[in-house]
Amino acid sequence: MSKLQNIAVLRGDGIGPEVVSQSLKVIDAINQRYGHDMHLEEGLIGAIAIDKTGSPLPQATIDICKKSDAVILGAIGDPKYDNNPSATVRPEQGLLAIRKELGLFCNIRPITIYDNLIDLAPLKPERLEGVDYVIYRELTGGIYFGEKTKKSDYASDLCEYSDFEVERIATLAFEAARKRRRKLTLIDKANVLESSRLWRRVVIDLAKKYPDVDLDFLFIDNAAMQVILNPAQFDVIVTSNMFGDIISDESSVLAGSLGLLPSGSIGTNSKLYEPVHGSYPQAAGKDIANPIASILSTAMMYRDFDLDEEANCIENAVKDCISKGVMTKDLHPDKDFACSYLGDIMHSIILDGADAIKPRSEEESYNNII
Ligand code: IPM
Ligand code: MN
């Protein structure tokens, strides 16, 4: 029996609740198809948790997560806090706190290109050929978590890393590279930052155990350019919390939309799955958000629990939708399928196959492959 039985569901803010609803439809279909019986329990996090309890991460939520095998998270953030630098309680504190509480030190963000989206992406198609990489982003250290000071005319954020913190994520990144194309790129700023020089030393040392993996290094400024100029060079990227945050949003441009990028976080004794995108408050409640990032994060969850068939089934349903033009308008202005429709149709595809996709109109039947 799989170890995946209890799932904590934290919908969060903005489009978080809507995209998570679509993941729950997919989980329901997988339950039916493969005879699983998952126990789901919801918890509050983010701005909604502040509104209801005063805390962005109530203890009750931590308790639900700790007793679950995996956590599914939507998104966090609300403009009423973004524009108020003096707010002392912020939704994002909930996200950082759950990452810390669950020890989620390794955040894995795969960058996958879908063939029939290549022409829609802002980059020239030839730059996207052969692009397939995965970012290993450190998630519980660095400048996000170092000591902060704030005075009336001065503020600081400390960037700290220890050998231990770097070694544990770099080990996972080397292992991943070994199962892929055997190339690992460390992204840092070792020409300036002491903490980056620590990353280099630890990673170079660890590389001795992985002679079959090609290791190279890029400074973050150069890497930001290389991601656009020659993204096919990457296989596995390993980097710190802040650089990983930036390089992953940038990488989403290659895929066509931030709405496609899933992530999974591995912790000391927990796992959490969340889309790379944020709460996108402008779209909240309009049923226009792209649920694919959340749905693919759910697929990553099944894979981490060795439920590969289930994971493949979800990924194939996503591919079926994209290849038949069933997508939200962030990907294609003429293909404005609703967020909830994507969840419904993937539910049907998982149970009945890709024929569940029917053209909406006469015209679409000729034009549904974009
Ligand atoms: C992400 C997000 C978060 C981060 C924010 C919402 C705190 O941008 O998961 O990438 O910076 O880690
Ligand atoms: Mn981010």
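Atoms within a ligand are numbered from 1 in the order they appear, just like the ligands themselves. Just so it is clear, the structure is predicted and the values come from calculations on it, not from any experiment.
- Residue Tyr144 has at least one N or O atom closer than 3.5 Å to an N or O atom of ligand 1.
- Considering Asp336, Leu117, Leu260 in turn, Leu117 is the only one that fulfils the side-chain contact (heavy atoms from CB on, under 4.5 Å) rule with Met327.
- For the pair Ile30 and His36, the minimum side-chain heavy-atom distance is below 4.5 Å.
- Atom CD1 of Ile48 has 12 or fewer heavy atoms from other residues, nucleotides or ligands within 6.0 Å.
- Scanning His277, Arg99, Glu92 for the heavy atom closest to atom 9 (O) of ligand 1 points to Arg99.
- Note on Arg178 versus Asp212: salt bridge recorded, some NZ/NE/NH1/NH2 to OD/OE distance being below 4.0 Å.
- For ligand 1, the atoms sitting less than 4.0 Å from at least one non-hydrogen atom of Arg109 are 1 (C), 9 (O), 10 (O), numbered in the order shown with element in parentheses.
- As for Asp245, its N/O/S atom nearest the Mn ion (ligand 2) is the one called OD1.
- Arg180 has a carboxylate O that lies under 4.0 Å from a charged side-chain N of Asp132, or vice versa, which qualifies the two as a salt bridge.
- Of the protein's non-hydrogen atoms, the one nearest atom 8 (O) of ligand 1 is Asp245 OD1, 3.3 Å.
- Residue contacts with ligand 1, taken as heavy atom pairs separated by less than 4.0 Å, involve Arg137 solely via side-chain atoms from C-beta onward.
- Of the protein's heavy atoms, Leu95 CD2, 3.8 Å lies nearest to atom 6 (C) of ligand 1.
- Side chain of Lys67 to main chain of Asn6: no donor-acceptor pair is present (N/O by atom type, distance under 3.5 Å, no hydrogens or angles).
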